Every structure is written in structure tokens, then in C-alpha cells.
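Each remark here refers to the structure printed beneath this line.
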Amino acid sequence: MVLYGLKEVPCAWYIRIDNYFTRFSFTKSEVDENLYHIVLKGKLLIIVLYVDYLILTGDDQFFVSCKEDLAREFEMKDMGLVHYFLGMEVW
């Protein structure tokens, strides 16, 4: 997904999205501050933030619900399935 409206100062933008994930009880990785995860009722959802892209993976129903919540909060476009990320093929 691509997030739009990133005319804010990058630091302010990061604080805004970090606060959003924290508000919904996502855990930020200790190794990579752009990696978030949450487990609810035994279902895992992982989100990777890279500049203005979000990569989501996890349980299908949880995934759809999270995308809908994100779309209510942020202007964004669903780019579909990831095929390449940082020059690497993803499957």
C-alpha cells in the first residue's frame, strides 16, 4: 500500500504513524523500528513501513480489517500483492 499526504516533515510523519500503531497495541521490533507486529486471538499480523509504503502480512481476516482501519486514518492506495521489495523477489 502506498500512503499519500506525506508533505509533513518526515519525523512528524513517522511519529504520527508510530502513534497510530502504538494506539492499536502493535509491538515495534527491537531490531528494526519500521517493523510492527500484533497477535490477537492467536492470529498474527506483521507490518513493515518503508518510506511511504506499507507491507502487511498475516491472517486474511485480520489483514483485511487492518487495511480498512488504515484507510480510514490515512489516504492510501492498495497496490496489491508484493512481487518485489528492495530489488528482491517476494513470494
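Throughout, residue positions are numbered sequentially from 1 according to the sequence presented. It should be emphasised that the depicted structure is a prediction, and the values quoted were computed from it without experimental measurement.
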OG of S25 to CG of L40, rounded to nearest 0.5 Å, is 7.5 Å
Do any N or O atoms from the side chain of D18 and from the backbone of Y14 form a donor-acceptor pair under 3.5 angstrom?
no
How are the rings of Y36 and F21 set relative to one another: parallel (under 30°), tilted (30 to 60°) or perpendicular (over 60°)?
tilted
What's the spacing between I46 CD1 and T27 OG1 if we round to 0.5 Å?
11.5 Å
Within a strict 4.5 Å, meaning less than it, do heavy atoms of the L45 and H37 side chains meet?
no
Taking the six-membered ring for Trp, are Y20 and F26 closer than 6.0 Å centroid to centroid?
no
Mind checking whether L35 and L86 sit in one hydrophobic cluster, side chains of I, L, V, M, F, W, Y counted as touching below 4.5 Å?
yes
With a 4.5 Å cut-off on side-chain heavy atoms, are L70 and M76 touching?
yes
Smallest heavy-atom separation, L54 atom then L49 atom, equals CD2-CD1, 3.6 Å
Does D69 have any side-chain hydrogen bond (donor to acceptor under 3.5 Å, both in side chains) partners at least two apart in sequence or in another chain, and if so, which?
R72
Provide the closest heavy-atom pair for E73 versus R23 in the form atom of the first, atom of the second, distance.
OE1-NH2, 3.8 Å
Just so I know, are the side chains of F74 and I17 near enough to count as touching, which here means a heavy-atom distance under 4.5 Å?
yes
Using only atom types and a distance under 3.5 Å, with no angle test, would you say the side chain of S65 pairs donor to acceptor with the backbone of Q61?
no
Might you work through the side chain to side chain contact (heavy atoms under 4.5 Å, CB included) test for F85 and Y50, ending with a clear yes or no?
CA-CA 10 Å; F85 181 67; Y50 180 74; 3.9 Å; yes
How far does CG of L44 sit from CZ of F62, to the nearest 0.5 angstrom?
8.0 Å
Evaluate side chain to side chain contact (heavy atoms under 4.5 Å, CB included) for I55 paired with I47, printing each intermediate quantity in order.
CA-CA 6 Å; I55 297 175; I47 298 179; over 6 Å; no
